[in-house]
Structures are given as C-alpha cells and as structure tokens.
Amino acid sequence: MLILEKMKKLIIAIISVTLLFSLSCKDQLPLDKDLTKKNYSLINQDSVKVIFPKNIIGYITVMGFIYTHCPDICPMTTHNMYLTEKQLKDAGIGNVKFVAISFDPDRDSPEVLKQFAEIRELDFNSWTLLTGDKTIITDLIKRFDVKAIKTDENIDEDGKPEYSMMHTDRISLIDSEGKLRKNYKGSTLNIDELINDIKTLED
C-alpha cells in the first residue's frame with residue numbers, strides 16, 4: 001500500500017510538471033482582450049483612412065497614447081517606443097508595428113502628427129500615427145481603459161483653444177491576432193521588459 005501511495009504521488013507530480021511546462025509562455029501575459037470585435041475608422045499622418053485594428057492584424061504592435069502639445073509624458077512615451085524599435089532592429093526582430101494614437105483630435109491633425117513624427121525621426125515603414133473623429137477616438141481609448149481630460153482651457157490671442165490634458169500614461173502591447181496582452185507605463189517604460197514580452201509573443 002505504501003508503495004502504491006508513493007507511486008500515485010509521483011505520477012501526480014509528473015503530470016503537474018508536464019502541465020506546467022506545456023503552458024505556452026504567451027498564456028503568462030496578464031491580458032487577453034480581443035480588440036477585433038469592433039473596428040474604428042481613423043486617419044493616419046498622411047490623411048489616409050485606416051481601419052483599426054484591421055491595419056495591425058498579422059503584426060505584434062506596440063501602441064502609445066499621446067497628444068502632441070504634451071510637455072512631458074507623451075514625448076517620453078514616444079521616445080521609449082523609438083528606443084524599443086531601435087533595440088528590436090538591432091536584435092533582428094522586424095515583425096513589430098508601432099502605433100501612436102492622439103486623444104486630442106481637435107488639434108492633432110494628420111499634418112501636425114506627421115511633423116511630430118518627422119522631428120523625432122520615426123520610421124513610417126513601421127510607424128503609424130492616428131487621429132480622427134473625437135467621438136470615435138473617445139470610444140476607442142475606453143477599450144484600453146485610457147482616460148484623457150482637458151484642463152486649464154483658454155482661448156489664445158489668435159482665437160484658438162489652448163489647454164492641457166490629464167491622461168493615462170500608457171503603452172500597450174497587442175499580439176498579431178489583435179488581442180491586448182499587456183499595459184505599461186509609457187513615460188518610465190522598462191524597455192527590456194517590453195522586448196522580452198514581444199519575444200514571448202513571437203515564440
């Protein structure tokens with residue numbers, strides 16, 4: 001009886017270890033939110049219509065949430081995405097797209113977004129900057145639990161709106177099937193962590 005009990009415990013232990021190793025590393029990422037259930041008609045930096053997330057299916061995507069008048073968080077978020085892309089290229093990893101979506105479409109026209117990207121030497125072969133109708137943008141960023149609220153709103157001497165925005169500091173990782181897999185703090189991103197997660201999705 002004692003031998004049988006020991007054998008049962010051994011078999012259970014072996015099965016447990018086998019199941020543990022059979023779990024995909026992809027399953028260890030904290031999120032698995034399907035973004036493909038709803039499509040959004042947006043405009044890119046070249047004023048071309050883009051259907052999100054259809055435009056990123058088939059690619060691992062790093063997505064940042066920004067507005068171009070931001071004095072601090074958004075430039076740091078964008079720069080961290082830029083550094084991530086550089087390290088990925090150095091490592092020979094190319095199947096990754098970078099998307100920056102503005103939650104300030106009133107001011108961030110395609111032309112403004114393009115200038116923002118060109119100043120930062122972003123590669124349009126892998127980067128897309130998106131803007132669009134305010135209602136659509138608001139609905140889309142809610143899918144990512146991103147919040148953006150106008151503060152200190154005034155009218156400048158040219159009659160144009162002038163304001164800051166309080167917003168979620170966010171970079172998101174999306175897999176090639178259009179599923180949100182993980183969120184990061186954009187301005188203080190741990191680039192090595194993001195790259196390791198990208199490699200996990202590649203496996």
Side-chain angles (χ1 to χ4, degrees), residues 29-35 37-45 47 50 52-53 55-56 61-85 97-122 127-174 178-194 197-198:
L29 292 175
L31 301 174
D32 191 27
K33 184 174 183 178
D34 188 358
L35 300 172
K37 293 179 179 179
K38 188 170 184 179
N39 292 314
Y40 298 86
S41 181
L42 303 169
I43 304 294
N44 73 7
Q45 71 277 352
S47 298
V50 171
F52 179 89
N55 65 308
I56 60 168
T61 300
V62 177
M63 187 163 177
F65 299 81
I66 66 163
Y67 76 110
T68 62
H69 288 73
C70 181
D72 40 40
I73 290 175
C74 302
M76 289 188 288
T77 294
T78 306
H79 187 61
N80 283 334
M81 292 170 67
Y82 169 84
L83 292 176
T84 300
E85 180 185 32
K97 293 293 185 183
F98 291 80
V99 174
I101 183 166
S102 170
F103 42 72
D104 184 21
D106 291 338
R107 294 184 294 185
D108 286 343
S109 64
E111 295 79 14
V112 170
L113 289 176
K114 189 162 190 175
Q115 184 180 36
F116 177 86
E118 288 174 341
I119 289 170
R120 289 160 178 79
E121 299 182 345
L122 305 183
W127 279 78
T128 303
L129 287 83
L130 296 173
T131 186
D133 179 84
K134 189 174 181 179
T135 304
I136 294 173
I137 295 286
T138 300
D139 186 38
L140 173 55
I141 67 173
K142 281 182 179 177
R143 297 285 305 280
F144 290 85
D145 296 319
V146 169
K147 296 177 175 60
I149 303 167
K150 287 183 182 179
T151 61
D152 306 320
E153 188 167 5
N154 295 298
I155 301 297
D156 67 18
E157 57 187 27
D158 296 323
K160 295 180 180 179
E162 189 175 56
Y163 51 85
S164 299
M165 298 192 80
M166 291 179 62
H167 61 88
T168 307
D169 183 359
R170 176 68 56 80
I171 285 174
S172 294
L173 177 63
I174 304 169
K179 293 179 180 179
L180 173 61
R181 303 309 305 271
K182 192 171 180 178
N183 291 321
Y184 313 80
K185 192 170 182 180
S187 64
T188 57
L189 175 70
N190 183 328
I191 294 173
D192 290 336
E193 177 186 351
L194 174 56
D197 290 337
I198 289 170

Heavy atoms of other groups near Glu193 CD, more than 12 under 6.0 Å: yes

What's the spacing between Met81 CE and Leu194 CG if we round to 0.5 Å? 9.0 Å

Heavy-atom side-chain contact between Lys185 and Leu189 under 4.5 Å: no

Consider only side-chain N and O atoms of Trp127 and Gln45, and report whether a donor and an acceptor are under 3.5 Å apart. no

Report the distance from atom CD1 of Ile149 to atom OG of Ser164, rounding to the nearest 0.5 Å. 13.0 Å

Test side-chain contact (heavy atoms from CB on, under 4.5 Å) applied to His69 and Arg107, step by step: CA-CA 8 Å; His69 288 73; Arg107 294 184 294 185; 3.7 Å; yes

Heavy-atom count check: over 12 atoms from other residues, nucleotides or ligands less than 6.0 Å from Glu153 CD? yes

Is there a side-chain contact between Pro75 and Thr78 in this structure, where contact means two heavy atoms from C-beta onward sitting under 4.5 Å apart? no

I need the minimum non-hydrogen distance between Pro110 and Ser47, along with the two atoms involved. CB-OG, 3.4 Å

Output yes when Lys182 and Asp197 qualify as a salt bridge under the 4.0 Å nitrogen-oxygen rule, no when they do not. yes

Show the numbers, then the answer: is there a side-chain contact (heavy atoms from CB on, under 4.5 Å) between Ser102 and Leu113? CA-CA 8 Å; Ser102 170; Leu113 289 176; 4.2 Å; yes

Is there a side-chain contact between Tyr163 and Thr151 in this structure, where contact means two heavy atoms from C-beta onward sitting under 4.5 Å apart? no

Looking at Arg181 and Leu31, would you say the former's side chain and the latter's main chain have a donor-acceptor pair under 3.5 Å? yes

Got a donor-acceptor contact below 3.5 angstrom from the Tyr67 side chain to the Met165 backbone? yes

Between NE2 of His79 and CZ of Arg120, what distance do you get to the nearest 0.5 Å? 10.5 Å

Quick one: do the Thr68 and Asp108 side chains pair a donor with an acceptor below 3.5 Å? yes

CD1 of Ile171 to CG of Asn190, rounded to nearest 0.5 Å, is 11.0 Å

Would you call Lys38 and Asp139 a salt bridge, using N to O less than 4.0 angstrom? yes

Minimum-distance pair of heavy atoms, taken over all atoms of Gly186 and Thr77: C-OG1, 3.3 Å

Run Ile56 and Ile174 through side-chain contact (heavy atoms from CB on, under 4.5 Å) and show every step you take. CA-CA 9 Å; Ile56 60 168; Ile174 304 169; 3.9 Å; yes

Quick one: are Leu130 and Val99 in side-chain contact, heavy atoms under 4.5 Å? yes

What is the ring orientation for His167 with Phe103, classed by angle as parallel under 30°, tilted 30 to 60°, or perpendicular over 60°? tilted

Exercise: identify the closest heavy-atom pair between Phe144 and Leu140: CD1-O, 3.5 Å

Do Thr168 and Asp145 touch side chain to side chain, with heavy atoms closer than 4.5 Å? no

Regarding Asp169 and Ser187, is there a side-chain donor-to-acceptor distance under 3.5 Å anywhere? yes

Is it the case that the side chain of Thr61 and the backbone of Met63 share a donor-acceptor pair, with hydrogens and angles ignored and the cut-off at 3.5 Å? no

Chi angles and distances behind the side-chain contact (heavy atoms from CB on, under 4.5 Å) call for Phe98, Thr128: CA-CA 6 Å; Phe98 291 80; Thr128 303; over 6 Å; no

Just checking Lys33: does its NZ atom have more than 12 heavy atoms from other residues, nucleotides or ligands closer to it than 6.0 angstrom? yes

Min side-chain heavy-atom separation Val50-Ile43 under 4.5 Å: no

What I want to find out is whether Asp106 reaches Lys150 closely enough, with some N-O distance under 4.0 Å, to be called a salt bridge. yes

Answer whether the closest heavy-atom distance between the side chains of Phe65 and Ser172 falls below 4.5 Å. yes

Validate the cation-pi geometry between Arg143 and Tyr40: distance from NZ or CZ to the six-membered ring centre under 6.0 Å, angle to the ring axis within 45°. no

Grab the two heavy atoms, one from Thr84 and one from Ile191, that are nearest each other, plus how far apart they are. OG1-CG2, 3.7 Å

Taking all heavy atoms of Leu42 and all of Thr131, pick out the closest pair and write down the distance. CB-O, 3.4 Å

If every non-hydrogen atom of Pro53 is compared with every non-hydrogen atom of Leu35, which pair is closest and at what distance? CG-O, 3.4 Å

Any side-chain heavy atom of Asn183 within less than 4.5 Å of one from Arg170? yes

